[in-house]
Amino acid sequence: DLSVYCNALQDYLASENPSAAVTCERMALTLAACAPEPPAICTELLDRSAGQMGIMSWVFALHLINNGVPSESFTAEAIVSELLSRQSSDGGWSIKGDAGDVDVTTMTLQALAPYRNTEIVSDAISDGIAFLSAAQLPSGAYQSLGVENPESTAQVWTALSLLGIDALEDDRFIASGNTLLDGILQFRTADGRFSHTHGGEVSDMA
């Protein structure tokens with residue numbers, strides 16, 4: 001029973017009214033997960049946040065619709081079309097510019113996964129998969145902003161799983177004999193937790 005948490009989060013949103021679009025959408029996703037039916041405030045947060053903070057606010061808006069949050073202003077088809085229009089020439093997606101970023105690409109693919117049987121989406125996803133395959137490092141891991149890390153690698157694994165791809169068996173995601181799991185395990189610390197960088201301190205995010 002998550003009702004106490006759900007009510008507390010709704011009270012917080014009613015009084016604090018966070019301005020960051022992606023933060024609002026993440027909170028709306030949390031509410032949708034906590035309640036038997038998405039509370040009405042989820043629709044309000046979706047409609048006022050979609051597209052207000054670049055590509056990621058479109059990604060999270062689509063996640064909300066995918067998870068049963070109704071919108072009075074947007075359709076899934078319109079948001080899918082918006083995301084497809086933002087695909088880079090290398091097959092990836094990014095916050096800005098025309099060079100794909102691993103994290104943005106994987107999170108976009110996660111949102112698009114339910115629509116992969118549509119031809120135009122399927123083609124875009126194929127290009128995104130090719131981008132990710134080419135971006136894999138010899139260690140099996142991935143990097144973002146020039147830093148090899150386990151979080152980006154986990155995002156790739158999540159996206160591939162949602163697309164029905166077994167990342168540990170698919171040759172496109174085995175680099176120099178190393179899988180994504182091999183890449184992630186490089187960052188395991190002596191106590192079994194994980195660091196963000198090679199030999200770094202334990203990181204909660206990692």
Side-chain angles (χ1 to χ4, degrees), residues 18-29 45-46 48-67 74-116 118-165 167 170 172-173 175 180 183-184 187 196-198 203 205-206:
S19 59
V22 172
T23 297
C24 289
E25 290 168 331
R26 288 172 171 166
M27 289 183 173
L29 274 171
L45 293 170
L46 165 59
R48 82 172 193 224
S49 300
Q52 297 302 305
M53 203 171 167
I55 187 172
M56 294 313 301
S57 59
W58 288 118
V59 166
F60 280 100
L62 188 55
H63 276 308
L64 283 164
I65 290 177
N66 292 346
N67 284 278
F74 303 96
T75 64
E77 291 75 17
I79 298 177
V80 167
S81 180
E82 178 66 32
L83 289 175
L84 295 183
S85 75
R86 291 171 176 260
Q87 190 166 24
S88 302
S89 58
D90 60 11
W93 281 266
S94 62
I95 297 293
K96 61 181 180 179
D98 191 46
D101 172 81
V102 169
D103 286 349
V104 179
T105 297
T106 54
M107 296 176 80
T108 303
L109 289 175
Q110 290 165 26
L112 291 173
Y115 311 95
R116 62 186 181 275
T118 305
E119 183 176 358
I120 188 171
V121 178
S122 177
D123 290 344
I125 286 175
S126 293
D127 291 341
I129 290 171
F131 168 81
L132 292 177
S133 177
Q136 190 175 23
L137 301 174
S139 65
Y142 283 81
Q143 63 180 0
S144 182
L145 302 176
V147 178
E148 184 176 2
N149 66 86
E151 302 99 301
S152 296
T153 311
Q155 287 281 16
V156 173
W157 201 343
T158 301
L160 295 177
S161 297
L162 286 169
L163 294 169
I165 297 171
D170 194 302
R172 293 172 294 179
F173 296 95
L180 275 71
I184 288 173
F187 300 91
H196 174 67
T197 57
H198 289 289
S203 162
M205 181 66 76

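No hydrogens, no waters, no symmetry mates; every other heavy atom, side chains included, goes into these values.
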Practice task
Calculate, to the nearest 0.5 Å, the distance between atoms CG and CG belonging to D127 and D90 respectively.
Solution key: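 With rounding to 0.5 Å, CG (D127) is 9.5 Å from CG (D90).
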Exercise for the section: State the OG-CZ distance between S126 and F131, to the nearest 0.5 angstrom. Expected result: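 One finds 15.0 Å between OG of S126 and CZ of F131.
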For a 4.5 angstrom cut-off between non-hydrogen side-chain atoms, does [X] reach [Y]?
X    : Y    : answer
E119 : D123 : yes
L163 : R116 : yes
M205 : E151 : yes
V104 : M56  : yes
L64  : F74  : no
Q110 : Q155 : yes

Judged by atom type as modelled, is there a donor-acceptor pair below 3.5 Å linking the side chain of [X] to the main-chain atoms of [Y]?
X    : Y    : answer
T118 : V121 : no
S57  : V22  : no
T23  : S19  : no
S161 : W157 : yes
T105 : D101 : yes
T158 : A154 : yes
T106 : D103 : yes

Problem - Listed partners of R86 passing salt bridge (Lys or Arg N to Asp or Glu O under 4.0 Å), at least two apart - result: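 Applying salt bridge (Lys or Arg N to Asp or Glu O under 4.0 Å) to R86 gives E82.
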Problem - salt bridge (Lys or Arg N to Asp or Glu O under 4.0 Å) against D170, all qualifying residues, sequence neighbours excluded - result: R172
Nearest atoms (heavy-atom pairs only) where [X] meets [Y]:
X    : Y    : value
L45  : A28  : CD1-CB, 3.8 Å
P150 : H196 : CD-O, 3.5 Å
A159 : L109 : CB-CB, 4.3 Å
Q136 : L180 : NE2-CD1, 3.4 Å
F187 : A141 : CE1-CB, 4.4 Å
S88  : S94  : OG-OG, 3.9 Å

Problem - Test side chain to side chain donor-acceptor pair (under 3.5 Å) applied to E148 and H198, step by step - result: CA-CA 8 Å; E148 184 176 2; H198 289 289; 3.2 Å; yes
Handout entry: From CA spacing to verdict: side-chain contact (heavy atoms from CB on, under 4.5 Å), M107, F60
Key = CA-CA 9 Å; M107 296 176 80; F60 280 100; 3.8 Å; yes
Problem - Over 12 non-hydrogen atoms of neighbours within 6.0 angstrom of CD1 in I120 - result: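 Incorrect, the count does not exceed 12.
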